[in-house]
Structures are given as C-alpha cells and as structure tokens.
Amino acid sequence: MKPASSISRLGVEGAFDVLSRARALEAKGQKIIHLEIGEPDFPTPPHIVEAAKRALDEGYTHYGPTMGLPVLREAIAKQVTSTRAMALVDPSQVGITPGAKPALFFAMLATLEPGDEVLLPDPGFPIYASLARYLGAVPVPVPLVESRQFSFDLNFVEDHLTPRTKMLILNSPHNPTGGVIAEADIRELARLLIDRDIVVISDEIYRRISFEDEPPFSIASIPGMETKTIIIDGFSKSHAMTGWRLGYGIYPTWLTDAVSKLVVNSNSCTATFVQMAGLAAVEGPQTDCERMVAEFRKRRDAFVSLLTGIAGFNCTVPHGAFYAYPSVAGIGTNSKELEDALLTQAGVACLSGSAFGLQGSHHLRFSMANSLPNLQLAAHRISEWSKTSSVRS
Ligand code: PLP
C-alpha cells in the first residue's frame, strides 16, 4: 500500500525539520539557541486567554456556523475595511479558519485548475509553491530584489504574464526577508493585473508587525482590485496565538460559496471558544501587541547590526515581520551547509534561505522570536565560529 501519487507533490516546512534536529542535539546535552521557528515568543495577551475561558464556561463547546461566528465575522469585516481603507467588506466575505494556512489552502483549492500558472515570491513561504504543485498548477517563482526591500522584479512579472497566469501571490511584510513592498510597486502590479482574470492572494499575516511609519499597503485598497483579491490574515503572529489556530480569509463575493463548501468538507467550522478569544483580540486593548512590536524593533536594530559586523555576513534591514535575512555570499558556501554548520558547530538553529526558494541559496533566515540576550549570544557564537570554521572557502 502507498499514499496517493499527488502527495509526492506536497512540500514541507524546513523550520520543523531543523527544530527536530536541534531537539536531538539538545537531548545529547548541546545548548542550542533557537532562531528557526517563526512564532512570537510572547504569551498570548491575558484578556484573550480570559475570553476563551469565559467562552468555555458559557458553553461555546459545540459546532458553530461553517464560515465562523457572525459576531467575529462582523468585527473582522469592520476592522479590515478600516485598516485597508478598502471598499466595504461584507461579513459574508469573511471565512474564519483554524489558522491562516487553511484560508490559503481553501483560496488556492477554490481557484486553481491543473496547468494554471501561479506567480509567487522567490524566496517565499514554501507552502505557496507546495500547494500550487499539489493542485497541478505551475509555480512561477518571481525573483525578489534585495536592493528594493525585497520587492518583486516588476519587469519579470510583466514578462511572465501569459494567458495561463491565474494567480499572483503577494506577502508583505514578507517571510523570510522582512521586506515590505512599497505602495508604488503594489500600484504598478495592480496596473498590470486590473484588466486580466488573475486572482491575487495577499498574505497579510505580518501586517501588524511593521516598523515603518505608515502601515503596509494592501493591494485590496486599490479600487477594482478588491473583486479579485483574497486577503489572508489571522491572529498567530499579531497576537502571539500560533497554537490557538485562528485565521481568516477575506474572499470576493464570487468565491464565498466555493470556500464554504470546502470548509464543510474538511474542518466543518473553527472551534467556537477560540473564535470568542479572537473577538477579544479584535475588540480588546492592543497594548500587549504594540509592546511586542516595539520589542521586535529593538531586537531587529541590535541583531541586524551585530550580524552585519560578522565577516561574510551582510544584512539588509527588515522593515517588518521578525526575521533577519542576511546574505552569506561572502562565506563562500551554500546556505544549506551553513545552516548545518551553525547548528552543529555554533549551537545556533536557523534556516537556510534555500528552504524558501532557489533565490535563497546564499542567505540565511534568523527568526528574532527569542530574547535580546539570546540573540546577542547567537551573534557572538556565529562570530566566534566564523573565525575558526573550515566551512569558509
Ligand atoms: N503565511 C505566512 C507568510 C507565514 O509565515 C505563516 C506562518 O508561518 C502562515 C501564513 C501561516 O499562519 P498560521 O500559523 O496562522 O496558519
């Protein structure tokens, strides 16, 4: 017996692989600093935890409506309308899911046909290409330009729009680079897409974690784009709620019935007491989240400058998310070997850029979801390692 052949087209996430190797080394007594996993190291704000406990006591322990509790869908519709300055989002367009990943999965499942071409960022969240391949679609990796905050190469996008192009995936702020795409670039992309039957997935899961004066610009704000854009968002990163599994998609009206059918056929609904916690996250105080973002900024400033001081490392300052993505081209080896050497020899767990696409083969991703002292210690270990390492050519 063997699994369906389609399963061989699915990829995995490198972070979980490195985590399990790091845990194995720890079991043998090695001290590892974990900078591989992309989840905030802060507790979920207490008022959100309390709301979940209250909801359990009040009996939110049964099935709920397929696309989510009306009260949460309404709150999210209102919030998305105001934060993206976009045409009024109707609560019926909001689909609540157990994390942002299922919203992404449903969006792609509901729109892609075999042979469709999907323009996606390279480097990028590996699940995009994995799902496209799984569905028989063709990923078309778009190289990001480091000198332009890891924005798309717009000429490449224009040159690769074909009659088979069905989707473009945007992710700003961006995993793994921390880049935030400038409004002018997003407007240019919209100009290229507005008259074409192309669906845009705008993965905005890191929207709240931005270090710029202006919030990241959403393509859904551009009149005419809201009918072809699916916004993916959730609470995992913004409210340190990765383990709760709570996310959502904002779907154009022509897609909501299709997504609803997919939910009926898979998870039925999202845990209702978790949704009530989500309501507290939307409507309650945001001070804990703001403190978290301020701390990420402090870590970014310190860690990026420490990395840049290490011979062979060169780190563009990320404007959002909580990742540092240095070029290690100066080390003279590929990033996968470097990931392995840093884990086993320096005791620092990070991810090779190649886990995010071909363009990442000379970069590393460090998650700054660890304390400032640990980040400083990690930079010190890497620096000491680089002085003695035989990996460097
Ligand atoms: N999109 C991006 C770009 C991510 O980095 C992640 C998680 O790492 C997700 C989506 C998935 O988020 P969730 O944990 O809410 O499913």
Side-chain angles (χ1 to χ4, degrees), residues 6-14 100-101 103-177 179-182 184-205 218-220 222 225 228-232 249 252 255 325 335 352-363 365:
S6 57
I7 298 298
S8 66
R9 298 200 297 271
L10 281 172
V12 287
E13 274 194 75
K101 259 185 190 170
L104 179 66
F105 199 4
F106 296 147
M108 295 178 76
L109 217 56
T111 51
L112 292 176
E113 308 270 5
D116 285 346
E117 292 175 1
V118 179
L119 292 159
L120 40 80
D122 180 7
F125 188 45
I127 301 304
Y128 305 143
S130 165
L131 291 180
R133 267 191 219 101
Y134 178 66
L135 296 169
V138 182
V140 180
V142 181
L144 303 187
V145 186
E146 179 154 7
S147 59
R148 297 179 54 248
Q149 258 299 303
F150 292 102
S151 183
F152 279 147
D153 178 338
L154 297 172
N155 292 328
F156 183 99
V157 173
E158 188 161 17
D159 291 348
H160 287 78
L161 288 172
T162 76
R164 290 187 305 278
T165 307
K166 181 62 173 289
M167 176 175 283
L168 175 119
I169 303 182
L170 289 173
N171 173 215
S172 173
H174 179 247
N175 176 11
T177 66
V180 177
I181 306 180
D185 282 12
I186 292 183
R187 288 197 179 279
E188 177 58 16
L189 286 168
R191 189 188 67 75
L192 294 173
L193 302 177
I194 195 113
D195 293 326
R196 293 179 150 100
D197 279 342
I198 293 177
V199 175
V200 177
I201 288 188
S202 185
D203 182 344
E204 302 180 8
I205 188 89
S218 174
I219 197 163
I222 299 172
M225 289 306 293
K228 51 177 79 196
T229 301
I230 302 162
I231 295 176
I232 305 292
L255 203 53
Y325 189 72
S335 64
S352 69
S354 54
F356 299 91
L358 277 180
Q359 297 290 324
S361 57
H362 293 294
H363 287 79
R365 188 196 81 170

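Positions are given from 1 along the sequence. Fair warning: this is a prediction, and the values are worked out from it, not measured in the lab.
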Minimal non-hydrogen separation, Val138 against Gly115, with atom names: CG2-O, 4.1 Å
message: Using every non-hydrogen atom in the two residues, find where Leu10 and Leu131 come nearest and quote the distance to one decimal.
response: CD2-CD2, 4.3 Å
field: With Leu358 via side chain to side chain contact (heavy atoms under 4.5 Å, CB included) - residues at least two apart
entry: Asp122
query: For Asp197, does the CG atom have more than 12 heavy-atom neighbours from other residues, nucleotides or ligands under 6.0 Å away?
result: no
Verdict with reasoning, Ile230 to Val199, per side chain to side chain contact (heavy atoms under 4.5 Å, CB included): CA-CA 8 Å; Ile230 302 162; Val199 175; 3.7 Å; yes
Main-chain N/O of Arg9 paired to Arg133 side chain as donor or acceptor, under 3.5 Å: no
message: Going by the rule ring pair (Phe, Tyr, Trp, His ring centres under 6.0 Å), which residues pair with Phe105 if we only count those two or more places apart in sequence or in a different chain?
response: none
message: So which atom in Arg365 and which in Pro176 form the shortest heavy-atom distance, rounded to 0.1 Å?
response: CD-CB, 3.4 Å
message: So, taking the atom named CZ in Phe152 and the one named OG in Ser172, what distance separates them when rounded to the nearest 0.5 Å?
response: 9.5 Å
statement: Gly249 and Ala103 have their tightest heavy-atom pair at N-CB, 3.8 Å
query: Can you tell me how far the CD1 atom of Ile219 sits from the CD1 atom of Ile194, to the nearest 0.5 Å?
result: 8.0 Å
message: Apply side chain to side chain donor-acceptor pair (under 3.5 Å) to residues Gln149 and Ser151 and explain how you reach the verdict.
response: CA-CA 5 Å; Gln149 258 299 303; Ser151 183; over 6 Å; no
message: Between Leu109 and Leu135, is there a side-chain heavy-atom distance shorter than 4.5 Å?
response: yes
- line: Heavy atoms of Arg196 and Leu161 approach each other most closely as NH1-CD1, 3.4 Å
- prompt: Going through the distances and angles, do Val118 and Lys166 end up as a side chain to side chain contact (heavy atoms under 4.5 Å, CB included)?
  reply: CA-CA 6 Å; Val118 179; Lys166 181 62 173 289; 5.7 Å; no
query: Hey, mind stepping through Ile222 and Arg187 against side chain to side chain contact (heavy atoms under 4.5 Å, CB included) and telling me if it holds?
result: CA-CA 8 Å; Ile222 299 172; Arg187 288 197 179 279; 3.8 Å; yes
query: So which heavy atom on Pro121 is nearest to which on Leu144, and how close?
result: CB-CD2, 4.0 Å
statement: Exactly one of Asp153, Asp185, Ile181 clears side chain to side chain contact (heavy atoms under 4.5 Å, CB included) with Arg148, and that residue is Asp185
- request: For the residue pair Phe125 and Tyr128, categorise the inter-ring angle as parallel (less than 30°), tilted (30 to 60°) or perpendicular (more than 60°).
  value: perpendicular
- line: In this structure, CG of Leu170 is separated from CD1 of Ile231 (nearest 0.5 Å) by 11.0 Å
Flag side-chain contact, heavy atom, 4.5 Å: Leu119 against Thr165: yes
field: Donor-acceptor pair, side chain of Ser130 and main chain of Gly11, under 3.5 angstrom
entry: yes
Verdict with supporting geometry, Val142 and Leu120, side chain to side chain contact (heavy atoms under 4.5 Å, CB included): CA-CA 6 Å; Val142 181; Leu120 40 80; over 6 Å; no
message: Set out, in order, the CA-CA distance, both residues' side-chain angles and the distance that settles side chain to side chain donor-acceptor pair (under 3.5 Å) for Ser218 and Glu204, then state yes or no.
response: CA-CA 8 Å; Ser218 174; Glu204 302 180 8; 2.6 Å; yes
query: Is the distance between the ring centroids of His174 and Phe150 under 6.0 Å?
result: no
message: Could you measure the distance from the NE2 atom of His362 to the OG atom of Ser352? Nearest 0.5 Å is fine.
response: 11.5 Å
message: Closer than 3.5 angstrom, by distance alone: can the side chain of Asn171 be matched with the main-chain N or O of Asp203 as a donor-acceptor pair?
response: yes
task: Hey, could you give me the CG/NE2 distance between Leu168 and His160, rounded to the nearest 0.5 Å?
output: 13.0 Å
NE2 on His363 to OG on Ser354, rounded to 0.5 Å: 12.0 Å
query: Ion pair present between Glu13 and Lys101, side-chain N to carboxylate O less than 4.0 angstrom?
result: yes
task: With the side chain counted from C-beta on, respond yes when Met167 and Asp116 share a heavy-atom pair under 4.5 Å apart, and no when they do not.
output: no
